Number of protein chains: 2
Amino acid sequence: MKSEHVNEITLGPQQEKSKRARNAIIDATIDSLVEVGYAETSLVRVAKAAGFSKGAIQHHFPSKEDLIAQTVDKLISRTISPPPASRRARTVEEALLRAWKTFVDTPAYRALLEILNAARTDKKLKKRIGKDLIAWRDRMDLQSLENYEAVSGDDEDVVMLLNMNRSFMRGLLMQEQYGFSEETATRYLRKWVEMISPLLRLKEK
Amino acid sequence: MKSEHVNEITLGPQQEKSKRARNAIIDATIDSLVEVGYAETSLVRVAKAAGFSKGAIQHHFPSKEDLIAQTVDKLISRTISPPPASRRARTVEEALLRAWKTFVDTPAYRALLEILNAARTDKKLKKRIGKDLIAWRDRMDLQSLENYEAVSGDDEDVVMLLNMNRSFMRGLLMQEQYGFSEETATRYLRKWVEMISPLLRLKEK
DNA sequence: CATAAAAAAGTCCATCCGTAAGGTTTTTTT
DNA sequence: AAAAAAACCTTACGGATGGACTTTTTTATG
């Protein structure tokens, strides 16, 4: 029976401050996730990075799980939000390469991967963020259908191809972290895009 | 000045015992990595699983880093060792699908991924196992060249395609852990193999 | 100035890795 | 064959850190 948001219309100045603090803390969490990974992302570290005390963090986020869950929210919304409203891509190649640069090869995505990996074995966390992840995936599939169509095949193929694309990019990102250089990764990415783009078409809007 | 005993042929009963113990500990480590991930893989947990006390582990492995490093050794050698000497694959499709089942979609590979991901942010560990990983990659590339040739293109293309294959499979494995079902993963895998196999040819031996 | 939220400071308990001190069994030495 | 050394393993403890929780101080607001 949580009636959390009562005053959504007028945020008192104090709530404003609180909101800013929470944002700062979440941002510091994201940074920490990218820098030192999930395991090392402790409350004290986040606190120091955000310029607060540990107590302040536990004031805003009752448990670490809460902090992570809200961080996931922010990360997901960031990954979903439409591209920087720049001009639309003209070709499938361009769209996919841009997706790599804009969404995948970013701190936000790396942070999200950190959490996802941690959630694999942390059942409580997994249960907590599970719904969001499913919603995220559904949203992604929907976006796929909005933007692409299959040259030969149905909607299911579109979803499949775009999911394959995400798998590939994810694997590439991981491999890039240890092993080969960024140029090599780019080469592989181009080859992949070259292979898959003939199967897709951009939908006119 | 090293006057090492050339008594490697006959292992004393104590060395035998020691060897068995070390193997059991490493195996328990691998199991733990798969079950609960790197962060939760503590020495006590490994000890209990292996049926020893924590002290025993630290007797055989001076530090946790040592334990992990030796585990990596074992995992890598397992990932490299030739397929179960069964009949050779007849087609590229078959070879790639078999590689998935034999090498990638296995506990060993998952355990290795767990360590790799942890090493990303653990500099000491990264430094420790870095060489092995590079050697591993080189070995993989070599194996690629031994088994495949490009339908059109040179050796570099072979290495690229097989590395792309590994990226894809890695990404698929990760995504399989949260998100979609195994059947879906299999469908994606088949599609991928279907896309890439026309570019490769099996080398006759 | 009074009150409530925000933030800090400090306590508590669990767990982690590592080390040290024994005890027992095997191996080596004398 | 006895003594010494080494290897194996257990139990116990230390220092450090993590997260949850509690209490105190500060700050903002009406």
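Every chain is numbered from 1 and lettered A, B, ... according to where its sequence line falls, protein lines coming before strand lines. Quick caveat: nothing in here was measured; it's all calculated off a predicted structure.
Atom C1' of nucleotide D:dA20 and atom NZ of A:Lys124 are separated by 11 Å, given to the nearest angstrom. Between the C1' atom of C:dT26 and the NZ atom of B:Lys19 lies a distance of 19 Å, rounded to the nearest Å. A:Arg20 has its CZ atom 15 Å from the C1' atom of C:dA7, to the nearest Å. Between the CZ atom of A:Phe61 and the P atom of C:dA5 there is a distance of 18 Å, given to the nearest Å.
Using a 4.0 Å cut-off on heavy atoms, none of the residues of residues 23-36 of chain B approach DNA chain D. Applying a 4.0 Å cut-off to non-hydrogen atoms, none of the residues of residues 113-120 of chain A approaches DNA chain D.
For A:Leu133, the side chain to side chain contact (heavy atoms under 4.5 Å, CB included) partners two or more places apart in sequence, or in a different chain, are A:Ile76, A:Leu116, A:Ile129, A:Trp136. Taking the side chain to side chain contact (heavy atoms under 4.5 Å, CB included) definition, one finds that A:Lys64 meets it with A:Tyr38, A:Leu43, A:Ile68, sequence neighbours left out. Residues that satisfy the side chain to side chain contact (heavy atoms under 4.5 Å, CB included) test with A:Asp141, not counting sequence neighbours, are A:Arg137, A:Val159, A:Asn163, A:Arg166.
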Annotated protein contacts, base or backbone, on nucleotides 9-19 of chain D with a non-hydrogen cut-off under 4.0 Å, one of B, S, - each: SBB------SB
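Side-chain atoms of A:Arg190 and A:Thr186 include no donor-acceptor pair closer than 3.5 Å.
Aromatic ring pairs are classed by plane angle as parallel below 30°, tilted from 30° to 60° and perpendicular above 60°; the pair A:Trp192 and B:Trp192 is tilted.
Looking at A:Lys203, its side chain does come within 3.5 Å of a backbone N or O of A:Leu145 through a donor-acceptor pair. Panel note: side chain A:Asp122, backbone A:Ala118; no donor-acceptor pair is recorded below 3.5 Å.
A salt bridge is absent between B:Lys127 and B:Glu65: the closest approach of a Lys/Arg side-chain nitrogen to an acidic carboxylate oxygen does not fall below 4.0 angstrom.
Nearest heavy-atom pair across A:Ile26 and A:Lys74 is CG2-CD, 3.6 Å.
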